[in-house]
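Everything below concerns the one structure shown next.
Computed over heavy atoms, backbone and side chain alike; hydrogens, waters and symmetry mates excluded. Numbers restart at 1 for each chain; the letters A, B, ... are given by sequence-line order, proteins then strands.
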Amino acid sequence: MIQVQLPDGTVKEYPDQATAMDVAAGIGARLAAAVIAAQVNGKVVDAARPIAESAGDAPQPYSLKLLTDKNPEALGVLRHSCAHIMARAVMKLFPGVSLAFGPTLSTGYYYDIGLDRPISEDDFPRIEAEMQKIIGDAEKFERFVLPRDEARKLCMDLKQDLKVEHIDTGLGDQSTVSFYRQGEFVDLCRGPHIPDAGRVKAFKLLSVAGSYWKGDANNRRLQRLYGTAFFSSKEQQAYLDQIEEAKRRAHRVLGKKLNLFSIANDVGQGLCLWLPKGAIVRSTLEEFIKRELINRGYQPVYSPHIARVELYEISGHFPYYRDSQFAPLFGHDAGQLVDFWIRRLKEHKLSSEEESKLVGTAKLMGADLSGYRASDNTEAKVAALREWEQKQERYLLKPMNCPHHIQIYKSQPRSYRDLPVRLAEFGTVYRHEQSGELNGMLRVRGLTQDDAHLFVAPEQVEEEFRQTLDLVKFVLASVGLDDYRIQLSLRDPASDKYAGEPEMWSKAEATLRKVLQDSKLPFTERQGEAAFYGPKTDFMVRDAIGREWQLGTVQLDFLLPERFQLEYIGNDNKPHRPVMIHRAPFGSMERFCGMLIEHFAGAFPLWLAPEQVRVLPVSEKTEEYARQVEKKFREAGFRASTDLKSSKVQAKIREAQLDLVPYMLVVGPKEAETGQVAVRDRIDGDLGAMSVEAAIARLKKENEDRVVRQVVKSEAPAAATNESGAELYAD
RNA sequence: GCUGCUGUAGCUCAGCUGGUAGAGCGCGUCCUUGGUAAGGACGAGGUCAAGGGUUCGAGUCCCUUCAGCGGCUCCA
């Protein structure tokens, strides 16, 4: 007999081979029919598997929780099983399918398959029909375990070459592996699964895309089929509606429609043009932050868009991120050539024939490389080229602002009395992001960070970090974003990509963790996600329709002060090393504004709206008065315009509504006579007539208080952009 | 960067198995002078992403390049 503890605390005895299903049946037939899976000692397992087996070596009593469609954990199980059903359907329809992996995602699942024939969305109805048939048959998912060599043979017999490879490599250290059988379909899989296919009540194939075996572009190309599944078609419809809603809000579409920004082919990939209306949104935000920063003791600075490469060699950015930077600008024509030459030498990919060509070309270009001898070893050659290179002017389009701000810090001696020094700049930086990564304003090659660097004494770090978090919270609240969590990114101690001493890292990480704990903000830790110079905290912000965005960031840095030999004089009259805090509450203006467009669906609150007020004269007879009203609003500080087209008011109203102008002022002979305006609110409609002064006062209050109205929070399940939990049920 | 799909008027798109380019919206002019989500008439706008090829003939078929979108990988 085994002892099982149920969630209410009671402990019961069951036969040795009892399953969660047996326990459920003992409680009631309806419960048994509703059970999807079980949780044994916190681990999600098959309901049909003996509890003792699921528990392994754990001591009794085993804790057991039955999972039904009410438990969120069950949804992952359902979706993974649906991935199997999809794979089975595809194998029925198309011969020669090699199965790879089929994990769940936070919003559904996918299965990677190897198949010569391309699958297109046109095939979805056929696949879905086949899946429906499988679900209708409601066959059981049956688990069985084989020793490795037998498992390998089974996969060979099934002609599943990728699974064979996975047993040989990925599962190399396991003596047995598990399979699941569902009718004729057998798949190597860790599980768990739903009891039978009939439990799937709603499913849909969503898209197909390319992928690679084990995520490596050098490996075999696979096709990835995305789908989703739910316990009810109502929940699924809510999810599909949310996808539609997200499409409706797409910032690239709205940005074009509302003339906010454009990315023109003739300017370049990933280079954003801020059109007048978009520029207002951005500059309004910038002005707002600037004022707030000055209140909080920051000092605005400016720095150039380029700097000597050496600056970034010292900081480490240039060597570390070389591939995602624009190529350096060389003062000498042969600079690029020599740079290429050095790289080839270092990689030992230079034949003597190529070498002599390079020597000849360098000479032709007028570079004096007299120190270079073909007979020298590689090291000496590189040194000779380096020596030449370092005599030349080399500039980098700045990928980061920090080295510049460091130079500003260094421009004068600093006393402990001066600290913290807080240098702020909306710094525009350029990064050569991979072409496939570019995405509207969310991922660009030229971006402006709302950047600042704080130079603080070690004992000030904690308090300053606390205040920085507070600032981020404040600015996010100003645009109505109040739903977020923080991600604390730590180094991976096993990796060598991080610079600096381990003690330095431990100290920095401990400080961040402590302040976060004190702040009571929800936070999660992620190993191996830190910047190369220090740990960071990122704000993961949920928008109006539940999507999560990585926005503001605060990073602690003990490394750059070291590399740049930063100092301040302490009260002991001795030099000390300050600590740096990098922080950007919005992240980049591009990304933040792109996100805001989607968050507000283009309908900005009054204080950010590009056009705040539009005066609509009823006919040309009232044009003169309309102009006067516009002038008064302009003088009161509003962004106002007048619609002087010869169309009817109805048409003007419709146009203003579609342009998402917050307030419309309808003026006709009546208003002209009494000095009034008929105010129409974009959200609430006609507010009736009032004096111009009253209207101005009303709007002024809403504007100055930065009131955010009509952001409807979505009821739909969150569609996280972050898929870190994705591998939970991977095959 | 890799990969699948896509590229026709300012925007959204139609254009069949190759036979000289079309709609709606927007824009301009004129008529209309009006009261809270579309008044009417007329008109201008295109080297069909760029380059090459096949063909008597290419928006349509083929190749290359560029760009966009999905996905992979990356993200200071």
Side-chain angles (χ1 to χ4, degrees), chain A residues 110 112 118-121 206-219 221-226 250 252-253 256-259 262-270 312 315-318 320-325 398-403 429 431-440 442-445 447 449 451 489 497 499 529-534 536 538 550 553 555 557 559-560 582 584 587-588 591 616-623 645-659 664-671 678-682 685-689:
Chain A
Y110 67 78
D112 278 349
I119 292 178
S120 79
E121 297 202 2
L206 296 175
S207 62
V208 57
S211 68
Y212 301 95
W213 173 238
K214 300 202 168 173
D216 186 338
N218 298 313
N219 289 345
R221 253 191 48 70
L222 304 172
Q223 301 188 66
R224 177 168 294 181
L225 275 169
Y226 283 90
R252 281 172 291 202
V253 177
K256 200 181 260 183
K257 198 156 101 187
L258 300 172
N259 294 316
S262 111
I263 295 177
N265 219 322
D266 294 340
V267 178
Q269 269 190 303
Y312 292 97
S315 73
H317 290 104
F318 181 68
Y320 193 85
Y321 291 106
R322 170 100 211 218
D323 291 341
S324 46
Q325 282 165 7
K398 79 172 164 184
M400 279 295 272
N401 299 305
C402 31
V429 297
R431 298 172 182 182
H432 192 90
E433 303 285 2
Q434 299 180 36
S435 58
E437 284 315 322
L438 301 173
N439 177 323
L442 302 181
R443 193 80 183 265
V444 289
R445 285 185 173 167
L447 56 130
Q449 300 175 312
D451 210 358
S489 295
K497 87 172 222 196
E529 298 293 320
F532 76 87
Y533 51 72
K536 56 176 186 167
D538 293 307
Q550 183 177 326
T553 182
Q555 309 180 0
D557 180 2
L559 181 73
L560 293 186
H582 307 238
S588 86
R591 188 177 159 76
L616 310 179
V618 165
S619 78
E620 284 171 17
K621 289 174 187 159
T622 332
E623 267 184 19
K645 281 203 286 288
S646 69
S647 39
K648 297 216 266 189
V649 237
Q650 286 92 327
K652 292 183 184 180
I653 287 172
R654 181 184 141 83
E655 207 168 309
Q657 285 281 155
L658 293 177
D659 287 345
M664 287 150 264
L665 305 176
V666 179
V667 294
K670 274 187 277 177
E671 287 76 17
V679 181
R680 184 189 164 95
D681 179 60
R682 177 183 66 199
D686 193 357
L687 300 180

> Heavy atoms under 4.0 Å, any strand shown: does A/E655 hit a base, just sugar-phosphate, or nothing?
Replying inline: nothing
> Checking all strands, does A/V649 fall into the base, sugar-phosphate, or nothing category for heavy-atom contacts under 4.0 angstrom?
Replying inline: sugar-phosphate
Can you name the atoms? Protein N/O to nucleotides 73-76 of chain B N/O, anything below 3.5 Å, with the distance.
unit_1, atom_1, unit_2, atom_2, d
B/rU73, O2, A/Q434, OE1, 3.1
B/rU73, N3, A/E437, OE2, 2.3
B/rU73, O4, A/E437, OE1, 2.9
B/rU73, O4, A/E437, OE2, 2.0
B/rC74, O2, A/R443, NH2, 2.8
B/rC74, N3, A/E437, OE1, 3.4
B/rC74, N3, A/R443, NH1, 3.2
B/rC75, O2, A/R443, NH1, 3.3
B/rC75, O2, A/R443, NH2, 3.4
B/rA76, OP2, A/K536, NZ, 3.4
B/rA76, O4', A/Y321, OH, 2.9
B/rA76, O2', A/Y533, OH, 3.4
B/rA76, N6, A/S324, O, 3.1
B/rA76, N6, A/S324, OG, 2.9

> Where do A/T622 and A/E671 land on the side chain to side chain contact (heavy atoms under 4.5 Å, CB included) test, with the steps shown first?
Replying inline: CA-CA 9 Å; A/T622 332; A/E671 287 76 17; over 6 Å; no
> Can you tell if the side chain of A/R224 reaches within under 4.5 Å of the side chain of A/L222, non-hydrogen atoms only?
Replying inline: no
> How far, in whole Å, is B/rA58 from B/rU54 if one measures between their C1' atoms?
Replying inline: 10 Å
>> Using atom P in both nucleotides, what's the gap between B/rU60 and B/rG28 to the nearest angstrom?
In response: 34 Å
> Reckon A/Q657 touches a base, only the sugar-phosphate, or nothing at all at heavy-atom distances under 4.0 Å?
Replying inline: base
> Roughly how far apart, to the nearest Å, are B/rA9 and B/rC13 at atom C1'?
Replying inline: 11 Å
> When the P atoms of B/rG15 and B/rA23 are considered, how many whole Å apart are they?
Replying inline: 15 Å
>> When the P atoms of B/rG24 and B/rU17 are compared, how many Å lie between them, rounded to an integer?
In response: 25 Å
>> Can you confirm whether A/H432 sits close enough to A/P399 that some side-chain heavy atom of one is under 4.5 Å from a side-chain heavy atom of the other?
In response: no
> Between A/N259 (CG) and B/rG26 (C1'), how many Å, whole number?
Replying inline: 11 Å
> Can you give one letter per nucleotide of nucleotides 4-14 of chain B, 5' to 3': B if a protein heavy atom sits under 4.0 Å from the base, S if only from the sugar-phosphate, - if neither?
Replying inline: -------SS--
> Hey, does A/A656 reach any base, or is it just sugar-phosphate, or nothing, if we go heavy atoms under 4.0 Å?
Replying inline: nothing
> Say you pick atom C1' in B/rG35 and the same atom in B/rC27; how far apart are they, in whole Å?
Replying inline: 27 Å
> Do you know which of A/L560, A/D557, A/D451 makes side chain to side chain contact (heavy atoms under 4.5 Å, CB included) with A/C402?
Replying inline: A/L560
> Paired with B/rA41 by Watson-Crick or G-U wobble geometry, both distances under 3.5 Å: which nucleotide is it?
Replying inline: B/rU29
>> Does A/P669 reach a base, just sugar-phosphate, or nothing at all? Heavy atoms under 4.0 Å.
In response: base
> Among B/rU3, B/rU32, B/rG35, which is the nearest nucleotide to the side chain of A/Y212?
Replying inline: B/rU3
>> Measuring only the P atom in each nucleotide, how far is B/rC25 from B/rG40? A whole number of Å is fine.
In response: 9 Å
>> So if I take every side-chain heavy atom of A/Q269 and compare against B/rU33, B/rA67, B/rC69, which nucleotide ends up nearest?
In response: B/rA67
> Which nucleotide in the list B/rU33, B/rG35, B/rA37 gets nearest to the side chain of A/E620?
Replying inline: B/rU33
>> Please pick, from B/rG70, B/rA38, B/rG34, the nucleotide with the shortest atom-to-atom distance to any side-chain atom of A/A209.
In response: B/rG70
> Between A/R591 and A/Q550, does any side-chain donor sit less than 3.5 Å from a side-chain acceptor?
Replying inline: no
>> Among B/rU3, B/rG34, B/rA37, which nucleotide has an atom closest to any side-chain atom of A/R654?
In response: B/rA37
> So what does A/S435 touch, heavy atoms closer than 4.0 Å: a base, only the sugar-phosphate, or nothing?
Replying inline: base
> Checking all strands, does A/L658 fall into the base, sugar-phosphate, or nothing category for heavy-atom contacts under 4.0 angstrom?
Replying inline: base
